[in-house]
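So you know, we letter chains A, B, ... as the sequences are listed, proteins then strands, and number each from 1. The basis for the numbers below is simple: all heavy atoms, side chains too, and nothing from hydrogens, waters or symmetry mates.
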Number of protein chains: 2
Amino acid sequence: MVSGSRASEFQDTMIKRAKGVTISQVADAAGVARSSVSRAFTRPDMLLPETVERILKAAEALGYVPNHTARALSTGRHGNIGLIVPDIANPFFPPLIQAAQLEADRSDFCIFLGNTEENPKQEDKLVGRFAGQVEGLVLTSSRLSDERIRAHASQLPLVLINRDLEGIPRVLIDSGSGVRQAVEHLAQLGHRKIVYVSGPSNSWSNKQRRAAIRTAASSFRMELEVVPAVLPSYSSGRNVVDAILSAGATAAIAFDDVTAQGVLAGLSERKVAVPATFSLIGCDDVLGAVTYPGLTSISNRSNEAGRLAISLLLEMLSNRSIRDVRYVLETHLVVRGTTAAAG
Amino acid sequence: MVSGSRASEFQDTMIKRAKGVTISQVADAAGVARSSVSRAFTRPDMLLPETVERILKAAEALGYVPNHTARALSTGRHGNIGLIVPDIANPFFPPLIQAAQLEADRSDFCIFLGNTEENPKQEDKLVGRFAGQVEGLVLTSSRLSDERIRAHASQLPLVLINRDLEGIPRVLIDSGSGVRQAVEHLAQLGHRKIVYVSGPSNSWSNKQRRAAIRTAASSFRMELEVVPAVLPSYSSGRNVVDAILSAGATAAIAFDDVTAQGVLAGLSERKVAVPATFSLIGCDDVLGAVTYPGLTSISNRSNEAGRLAISLLLEMLSNRSIRDVRYVLETHLVVRGTTAAAG
DNA sequence: GACTTTCATGCAACCGGTTGCATGTCAAGT
DNA sequence: ACTTGACATGCAACCGGTTGCATGAAAGTC
């Protein structure tokens, strides 16, 4: 399968490592001490303006670039932060990662990305590997136990997304508000019995959504049945369609959009018209705009969560203190084409 | 919108920085010189087995963890590699990133992720920022000019994905083979006039696909029209549907699956039945299984590309040499539900 | 005019490892 | 018994910056 071909078999070339210009060379060129060069970059106000200028000019001429590693060694600050997610391929995460990176970038921080494949052991290993090279860490939808998380938090600044652990700064996307709106929406459309297609059992978000739906359904006097989908995936959703239909419901809310899309496909295959005879609502709003009919969903805000988590972490780093903060991002229903009056 | 709430307003706590155990402390504890501790970890064969064991035991007891930064400073190797992509949110990239990270992980390397937002300036800036902290770099679908890429390549080991630049190691996903199969498939179904919905003009993949389609179409004596979509995105695809239809074609091949999905939605809206009256083929095969009907597409192999690029880079790093290699990954057509005989 | 004060700059130690070379020990070779 | 060599370990310089303190010259005070 791999058709590997070398363009020119024998053109191996030794790498000429860019032999980094050092602070000493700049110092010699400018006729000052190394410390002055250092200060010219870090605290120019300590030096005479003309000295600073002379140094900068010399540096410029030599093509000097401060060595990040050396600086990190003496200051202890390397300007990197780690971001760990369970599954990059799940469309929930890319916007979060993107926003996180943008925010980090604004303060000249770089992001180390870790992907745990939904595996707690891998997550633990990654945290360990990152620990030495980052100033702080953001754990997204962590699958680790409370104890492990606390252990890590005692080693380095940590911010959690979608995990509610007292004493550790955290950003939570509260689907509760959106879920209530979704149930109310279905109630107003005349649906009397609905299904919740649940997600991973160890997920904080899943527990939270299930509870919110249960409460809302009972307050609107609707019947609710929970149909479990093992993983938040397209095929899981597709596999539970029969279970959904045999429950005798006229509408369903799925754990996330990916699952909902699977359900949508399964319904199509079985010639069940959406939304004419069955209504469907997703969660996370990552696919809503790209299905046809457009998927009614609960807004996501993962990008805000990413941005917020990073800015929280940066704040912790500059203050060298942690506050027991708990940011909650509320969500709301986005109505599109997969919901209509009960047939 | 952001309902920020602090659980406990005044519970600020100072961070107790884990005050890292150093090599000297271990040396004292084990009654040896610092250098021996260092060697116990890096070249145990230089020491007596019992000495190594004694040192390791002492290290274990003190909870010593080698300081990555310090090691990087003296050795010049920090065990990080940078990976730069134009758009994490495009489903083409997550599998690539995932595979790259897995491969890097096997050799204990960490991945720095950079997202350029399809912006060459941002890309240039990121490369610069990464340069000091990574041993090598993988540029995926770079939007930079040849000159900039060469300039960077002279500074540090570089591997390209989907960019064909002589003298720089590169991994190319050759959609040519898949594209030919796609055109042939359409020809056999009786289509006489087709449209290519093109992608970013500075993208190597786009040029390559366009050329391949052109060649294949003429060899099957089919008419071809190129309709440009500015960006590879859902909305771009949706926006060009009118242009596609007014071209009078009965089938289209889109630059990528995301664009194709936009086209699919646009066709649905205009009540054009797919595949009954119009056939559509995507590229990258990232969404094929999750649309309904399933999108016929050209296989992707982005994960293999990611894995290969990293292993190539690691090889370069350990050899300290570059070979002018050019790996080509062939693709093929995956037929699903969006193609049928011309109406 | 002698005596502080201010402030720009230099000196040297330090961050935490790595590594070439010197030293000391012990066993084998003659 | 004396040399030789092998080999385990220690010494100290080095990677490239940062930073507390010392120094010395210019400016301010009485």
Are [X] and [Y] close enough for a salt bridge, meaning some N to O gap below 4.0 Å?
| X | Y | value |
| --- | --- | --- |
| R150(B) | E147(B) | no |
| R170(A) | D324(A) | yes |
| R106(B) | E103(B) | yes |

Touch check for [X], heavy atoms < 4.0 angstrom, all strands: base, sugar-phosphate only, or nothing?
| X | result |
| --- | --- |
| R77(B) | nothing |
| S24(A) | nothing |
| V37(B) | nothing |

Inset, instruction - Output the single nucleotide from dG10(D), dT18(C), dT19(D) whose closest atom is nearest the side chain of R71(B). - result: dT18(C)
Do the side-chain N or O atoms of [X] get closer than 4.0 angstrom to the phosphate oxygens (OP1, OP2) of [N]?
| X | N | value |
| --- | --- | --- |
| S36(A) | dG10(C) | yes |
| T69(B) | dG17(C) | no |
| R39(B) | dG10(D) | no |
| T22(A) | dG16(D) | no |
| S38(A) | dT18(D) | yes |

Legend entry - Whole-Å gap separating C1' (dG17(C)) and CZ (R43(B)): 13 Å
Legend entry - Pairwise 5' ranking along DNA chain D for T51(B) and Y64(A), keeping only the more 5' one: T51(B)
Legend entry - Nearest-nucleotide 5' precedence on DNA chain D, L73(B) against L47(B): L47(B)
Legend entry - CD on E123(B) to CG on L144(B), rounded to 0.5 Å: 3.5 Å
Inset, instruction - Can you check whether any acceptor in the base of dC11(C) is under 3.5 Å from a donor in the side chain of S35(A), or vice versa? - result: yes
Inset, instruction - Could you tell me whether the side chain of R34(A) has a donor or acceptor atom within less than 3.5 Å of a complementary atom in the base of dG17(D)? - result: yes
Legend entry - Most 5' of A70(B) and M46(B) on DNA chain C, judged by nearest nucleotide: A70(B)
Inset, instruction - Side-chain contact test, heavy atoms from C-beta onward, threshold under 4.5 Å: evaluate it for Q155(A) versus V127(A) and give yes or no. - result: no
